[in-house]
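Report on the structure given below.
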Amino acid sequence: MVEYEAYILGLRLAIDMNVQELLVIGDSDLLVYQVLGEWATKNTKILSYLYCVQELTKRFTKIEFRHVPRIQNEFVNALATLSSMIQHPDKNFIDHILIGIHKQPAYCARVE
């Protein structure tokens, strides 16, 4: 359910930013394949989240969901590493990580 909530939050943010075309990359095969309709769920708690994501996807002119194994998801791995390094006197508190949003497309290349 937490992963669905993250997807919903991200989709709503993209809608608020007037994004028309979106590529959603996720490392949860269960969630990605449920959204794509390739896997079914009977869990009533999950169904409401799934329906919400499906309704939000209708707001885009083009949207694609792609599964990437967690081992290949460098951004998630980097955030997980950063979160494991945070030490705070109050163990229930985590400092915010600021992520900038640019008004123009960003391009990157991967060289092996």
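For clarity, every value in this text was computed on a predicted model and none was experimentally measured.
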Using the side-chain contact (heavy atoms from CB on, under 4.5 Å) rule, take Thr44 and Ile46 through it: C-alpha gap first, then chi angles, then the decisive distance, then the call. CA-CA 5 Å; Thr44 55; Ile46 298 293; over 6 Å; no
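- Contact check for Leu30 versus Thr41: no side-chain heavy atoms found under the 4.5 Å cut-off.
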Check step by step if side-chain contact (heavy atoms from CB on, under 4.5 Å) holds for Leu56 and Arg12. CA-CA 7 Å; Leu56 290 172; Arg12 286 182 176 161; 4.0 Å; yes
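- With values rounded to the nearest 0.5 angstrom, Leu22 atom CG is found 13.0 Å from Arg59 atom CZ.
- To the nearest 0.5 Å, atoms CE (Met1) and CD1 (Ile8) are separated by 11.5 Å.
- Leu9 and Phe60 are not part of a single hydrophobic cluster, where members link through side-chain heavy atoms under 4.5 Å apart.
- Atom CD of residue Gln34 and atom CG of residue Asp29 lie 9.5 Å apart, to the nearest 0.5 angstrom.
- To the nearest 0.5 Å, atoms CD (Gln54) and CG (Leu36) are separated by 10.0 Å.
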Would you sort out whether Arg66 and Glu64 count as a salt bridge (Lys or Arg N to Asp or Glu O under 4.0 Å), showing the intermediate values? CA-CA 6 Å; Arg66 191 177 301 163; Glu64 180 182 342; 2.8 Å; yes
Just do the side-chain contact (heavy atoms from CB on, under 4.5 Å) check on Glu5 and Tyr49 with the steps written out, would you? CA-CA 7 Å; Glu5 289 174 3; Tyr49 288 102; 2.6 Å; yes
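- Here the CG-NE2 distance, from Leu31 to His67, works out to 10.0 Å after rounding to the nearest 0.5 Å.
- Counting all heavy atoms, side chain and backbone alike, Ser28 lies closest to Glu3 at OG-OE1, 3.0 Å.
- Here the closest heavy-atom approach between residue Tyr4 and residue Leu50 is recorded as OH-CD1, 3.6 Å.
- Between Asn43 atom CG and Ser48 atom OG the span is 8.5 Å, to the nearest 0.5 Å.
- In this structure, Phe65 and Tyr7 have parallel ring planes: the angle between them is below the 30° cut-off, well short of the 60° mark.
- In plain terms, the two heavy atoms of Pro69 and Asp27 that are nearest each other are C-CB, 4.2 Å.
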Dump the intermediate steps for side-chain contact (heavy atoms from CB on, under 4.5 Å) on Val19 and Ile15, then the final yes or no. CA-CA 6 Å; Val19 171; Ile15 290 167; over 6 Å; no
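- Within the 4.5 Å cutoff, side-chain heavy atoms of Thr61 are placed close to those of Glu21.
- The two residues Val32 and Gly26 make their nearest non-hydrogen contact at CG2-O, 4.1 Å.
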